[in-house]
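For reference, the structure is listed below as structure tokens.
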Amino acid sequence: MSAVKVLSPRQTPSPVDPNLSTGEQVLQLISNPFQASIQYNAFWASLATSLGFSAALALLFCFVRPRNNIIYAPRLKNADKDHAPPPLGRGLFSWVKPVNKASEPFLVEKIGMDAVIFLRFSRMLRNMFLILGLVGIAIMIPVNVTLGSKGASNGSSAFTVMTPLFIWGSGLWAQVVLAWFTDLVVIYFLWYNYRRVHQLRRAYLSSPEYQRSIHARTLLIRDIPSQMRSNEGIAHVIDEVNASGATPRTRIGRNVKVLPDLVEEYEENVKELESVLAKYMKNPDKLPAHRPTMKAPAKYKGTTANGKVDAIEYLTDRIRTLEMKINDIRERVDSRDAMPYGFATYDQISQAHITAFKSRGKRPQGTKIRLAPRPNDLIWSNLKLSRSTRRSKRIMNGIWIAVLTIIWTPINAGIAIFLSNLSNLALVWPAFRTSLNAHKGGWAIVQGIASPAITSLVYLVLPVIFRRLQIRAGDVTKTDRERHVLRNLYGFFTFNNLIIFSIFSAVWQYVTLVVEYDRQGNDTWTSLRRGNLFLVITTSLCQISPFWVTWILQRNLGAAIDLAQLWHLTYVWFARTFMAPTPRQNIEWTAPPVFEYASYYNYFLFYTTVALCYSTLQPIVLVVTALYFSIDCFLKKYLLMYVFVTKTESGGQFWVTIFNRIVFAAMLSNVIIAIVVKARGTWALVAAIAPLLVIMVAFKWYCMKTFDMDLKYYARGGMQDQENLAATDKHHPAEKISSKFGHPALYKPLMTPMVHAKAKHLLGEIYRGRLDSEGGQSTTFSDIAMQPMSPNKPPPPDVPFEIVPEAQQDFHFYRNRPEFRDQAGDTLSERSQTPMSMSGYGKESYNSPPSSRPMSPAVGARTHTPPQEYRGVPHRKQFDQSHVPNQFRTTNNRRSVEGGDLGLRPHGPYTDPYGQYDDRTNLLHGVGDVRTPTGEFMSMDRWRSPSQSRDRTSTHTPVDELNSGYDYFRGRR
């Protein structure tokens with residue numbers, strides 16, 4: 001592939017001279033890496049392919065969507081009636097009208113504040129670039145073409161003439177005017193949307209959902225000194241800044257030590273056992289000749305065969321051992337030492353927020369007081385870190401990010417120079433040149449795939465790397481972690497992919513010129529001045545500007561791929577076709593995917609930064625960016641309404657972070673414009689731009705002082721609660737801070753291994769050998785006893801598996817189970833379980849019938865009183881039945897439906913949460929909504945008499961104050 005000549009105002013560089021030495025050729029390529037890879041006519045090819053493929057994928061989506069609601073509308077199936085999106089018709093474009101009609105207040109209730117803030121942000125960028133694009137195409141391009149055509153050569157391309165490359169002197173005032181206009185447009189849209197976000201946030205803080213959540217009235221206290229680590233000590237600390245005068249209920253954190261690691265290992269072993277069984281019993285009618293084996297761990301002391309052990313036996317024993325350890329630690333956790341963190345809960349939200357506001361900048365007794373996040377938002381392992389430890393971890397985190405950025409810089413340059421154009425690599429590697437000439441077709445495919453594949457892979461891995469670095473840095477909430485991941489991603493992208501990628505060649509050319517002038521006998525200052533850094537940078541930026549135009553055009557294809565869910569469909573198809581997925585994996589694949597706010601915000605911010613920085617250098621980029629946001633903001637609205645969920649709702653806390661990045665992008669564009677006008681103009685032009693930097697900083701300060709405190713605090717003085725409490729000291733009897741804000745490892749029910757129903761008849765054969773060897777002793781794990789099996793003995797009443805039929809391997813049946821609830825996100829699991837919905841204050845929100853999904857005893861305990869035989873032996877901890885060790889439980893033979901002759905764990909639409917047969921005598925109990933085939937809700941209340949409805953509400957089972965089960969207290973936040 002021959003090198004493409006790149007135009008500059010003074011010369012037309014020739015391709016790399018093959019007669020130069022290898023080192024000189026590399027230096028020449030580095031000095032201008034875009035001479036072969038940037039082709040000006042690529043714009044039309046990119047436009048055609050991007051819009052063509054995007055339209056094809058969108059049309060494919062329209063045809064496939066009505067027949068695949070599990071993939072393209074999972075929220076419609078899994079959300080309750082108070083939070084479900086509007087139903088969709090089966091027409092090709094029937095999805096357009098509901099998405100277009102959905103208003104912002106409606107969306108706040110349905111998809112949450114974080115999703116609404118994202119959509120508002122995307123609309124703001126769309127409107128902003130529509131205005132800037134109109135100005136660019138109607139004013140800036142004609143000005144550049146008119147003033148620059150006089151100095152351009154006859155062979156100059158249209159893209160070169162549209163830049164200020166050939167404009168000198170007073171003609172550059174148009175760049176200054178556009179810089180002022182751009183900043184004023186950015187300021188207006190940021191100010192307008194800041195006000196709107198402020199209104200949304202205040203409405204959110206006054207909503208029934210927030211007003212009735214316990215975390216809204218709770219403070220998180222960290223860095224508690226050792227002498228104050230008690231409930232009384234926390235109260236003493238709070239008294240120093242307690243402006244409200246109310247007395248909170250306090251709870252000191254307890255040291256759970258290895259319990260979280262044990263629970264994590266337990267879950268990993270359960271999933272591994274499920275995978276082993278799924279592969280072994282993939283074809284139940286023809287089992288493999290040998291049982292599955294696995295490499296014995298280093299600490300394993302049992303008998304091995306060639307270093308391997310029976311996988312089923314080992315994992316079963318390991319799960320049983322881990323459960324015994326977990327239950328033992330759970331029973332003794334109160335005897336552990338206290339931790340340097342705790343919680344204080346008030347009776348009114350105003351009391352907590354006023355105290356938190358008064359605590360800003362203060363450290364009573366050396367502690368840090370802040371509003372408590374949602375319990376599921378906490379990163380529990382970091383709460384115990386001391387102040388000095390967090391500081392050192394943050395320093396190390398910054399060093400690692402800097403090292404990662406520096407390491408990626410030469411790799412990024414190498415991809416741009418060599419991998420994106422293999423002919424450049426052939427110039428400096430003779431052996432590869434021979435192979436390239438002999439196999440041009442094959443290497444052409446490699447060239448077309450390798451560069452974008454490696455770049456995309458790195459960008460997929462980067463969020464994972466930054467997320468883990470932030471956890472190691474000591475972030476105490478997932479929201480803080482995601483905001484910091486966004487900050488690091490944006491800094492990495494802007495520095496490596498924009499600044500370094502754009503001006504690397506300019507800096508290299510400047511250094512080369514300075515060295516050359518120095519060799520001619522000039523002094524260093526003269527060489528630096530003659531090099532004309534500003535002119536070299538301007539020329540380089542104008543030369544590579546078409547690259548960013550074509551690059552943003554290709555982003556439209558990414559938006560269409562998101563809509564079509566191609567990656568998810570491809571992966572699931574491959575896994576189900578060529579692998580042996582477990583029932584748990586099948587269930588997880590039908591769950592609504594989680595929306596990665598940090599990644600999507602970073603992409604949008606990076607596109608915005610590129611467009612603003614090149615707004616005067618290549619005005620067509622404004623039009624291309626406006627086209628992208630016009631398409632994607634509508635597609636993202638559909639995806640957030642019907643496909644994606646918010647895993648951890650922050651209530652719109654991303655806004656300030658993205659606001660700061662937009663302000664920085666505007667200031668960076670001003671710096672670039674100042675460089676351009678200085679290169680071909682005078683310092684007077686630079687002086688005309690300089691005030692913009694001060695204006696942007698002052699605008700940031702104004703918004704911070706005007707809005708930020710109201711965004712964070714519900715009240716800063718005076719009582720404003722909407723709860724209608726009869727008295728300030730009213731008690732909330734259904735709350736128990738130790739459970740609500742207790743470590744999940746203490747309360748989360750343990751997983752039960754899942755097995756496909758088609759293989760249930762094989763379980764006796766699989767377990768016979770191991771159980772017979774135990775001399776008739778029963779083994780227990782995961783809440784179910786398992787008896788020995790032999791051909792001459794009757795089958796046991798229970799085996800430790802959950803049998804899952806094919807028809808019920810759907811997330812809809814498991815969305816409220818603890819092990820799946822986190823995957824559902826706050827907008828499906830938490831909000832759908834809140835008795836008082838955001839739209840119906842005082843109106844009971846009915847969920848799907850409890851008997852329609854498998855539930856553990858802990859889940860069932862929320863609405864049913866368990867039978868006596870399932871309550872276990874009383875002990876001093878009064879834990880939920882699911883946490884009582886099996887050896888302390890009383891058991892009985894239960895009637896089995898799904899289990900057949902083996903007496904398997906009952907499962908299905910006619911079993912209650914305790915595994916007992918429902919006998920269809922209580923079919924309508926708890927039913928709140930039934931969906932028609934179109935997705936509409938049909939309330940079951942219409943068949944109840946008024947007295948029945950009143951009875952149902954009035955006879956609701958009271959909450960037991962001693963019940964500290966994880967499921968109940970996590971059910972309502």
Side-chain angles (χ1 to χ4, degrees), residues 114 118 260-261 264 267-268 377-383 385 389-416 419-420 449-501 504 551 555 558 561-562 567-568 571 588 593-607 609-610 644 646-648 650 653-654 657-658 660-661 664 822-823 825:
D114 282 336
F118 181 87
D261 295 332
E264 182 179 1
E267 293 179 349
E268 291 174 354
D377 194 20
L378 286 167
I379 301 176
W380 294 91
S381 58
N382 287 339
L383 287 176
L385 299 179
T389 303
R390 290 197 302 270
R391 185 186 300 112
S392 61
K393 283 180 171 290
R394 284 196 296 267
I395 294 174
M396 286 303 302
N397 183 60
I399 293 174
W400 279 113
I401 292 176
V403 168
L404 182 63
T405 303
I406 293 172
I407 291 175
W408 178 246
T409 299
I411 298 176
N412 195 22
I415 292 175
L419 199 56
S420 61
I449 295 176
S451 178
I454 293 178
T455 305
S456 299
L457 180 63
V458 170
Y459 294 159
L460 288 175
V461 174
L462 270 179
V464 178
I465 296 175
F466 284 139
R467 201 166 280 121
R468 294 189 177 183
L469 286 175
Q470 285 305 139
I471 293 178
R472 294 174 62 90
D475 286 346
V476 297
T477 68
K478 297 172 186 176
T479 297
D480 290 343
R481 180 197 64 192
E482 292 303 300
R483 290 167 57 200
H484 294 155
V485 168
L486 167 59
R487 178 193 64 189
N488 295 334
L489 281 174
Y490 178 75
F492 185 92
F493 269 60
T494 302
F495 179 78
N496 249 317
N497 295 349
L498 181 59
I499 298 176
I500 296 299
F501 196 76
F504 185 84
W551 184 80
R555 300 306 96 196
I561 290 175
D562 279 348
W567 303 128
H568 179 70
Y571 173 76
E588 291 173 347
V594 174
F595 192 76
E596 298 290 346
Y597 284 97
S599 297
Y600 282 106
Y601 270 130
N602 171 65
Y603 294 143
F604 279 19
L605 288 170
F606 184 65
Y607 305 155
T609 305
V610 170
F644 289 111
T646 301
K647 186 170 185 178
T648 306
S650 72
Q653 293 185 33
F654 279 96
T657 303
I658 60 180
N660 292 338
R661 270 68 198 166
F664 169 80
D822 288 342
Q823 188 175 358

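This chain uses plain numbering: 1 for the first residue, then up along the sequence.
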### Query
Angle class for the Phe595/Tyr600 ring planes (parallel below 30°, perpendicular above 60°, tilted otherwise)?
parallel

### Query
Within the side chain of Arg487, is there an N or O that forms a donor-acceptor pair under 3.5 Å with the backbone of Thr657?
no

### Task
Answer yes if the side chains of Asp377 and Thr479 hold a donor-acceptor pair under 3.5 Å, and no otherwise.
yes

### Task
Could you verify whether a donor N or O on one side chain and an acceptor N or O on the other, from Ser650 and Tyr597, lie under 3.5 Å apart?
no

### Asn397 and its side chain to side chain donor-acceptor pair (under 3.5 Å) partner, picked from His484, Arg472, Gln470
Gln470

### Task
From the options Thr609, Asn602, Asn660, select the one residue that forms a side chain to side chain donor-acceptor pair (under 3.5 Å) with Tyr490.
Thr609

### Query
How about Leu605 and Leu486: do any of their side-chain heavy atoms sit closer than 4.5 Å?
yes

Look up atom [atom1] in [X] and atom [atom2] in [Y], then write down how far apart they are to the nearest 0.5 Å.
X      : Y      : atom1 : atom2 : result
Phe466 : Leu404 : CZ    : CG    : 5.0 Å
Thr477 : Glu482 : OG1   : CD    : 9.5 Å
Thr494 : Arg661 : OG1   : CZ    : 9.5 Å
Arg391 : Leu385 : CZ    : CG    : 12.5 Å
Asn488 : Thr405 : CG    : OG1   : 8.5 Å
Asp475 : Leu378 : CG    : CG    : 12.0 Å

### Query
Are Arg467 and Glu596 close enough for a salt bridge, meaning some N to O gap below 4.0 Å?
yes

### Query
When the aromatic ring centroids of Phe654 and Phe118 are compared, is their separation below 6.0 Å?
no

### Task
Provide the closest heavy-atom pair for Pro463 versus Val485 in the form atom of the first, atom of the second, distance.
O-CG1, 4.3 Å

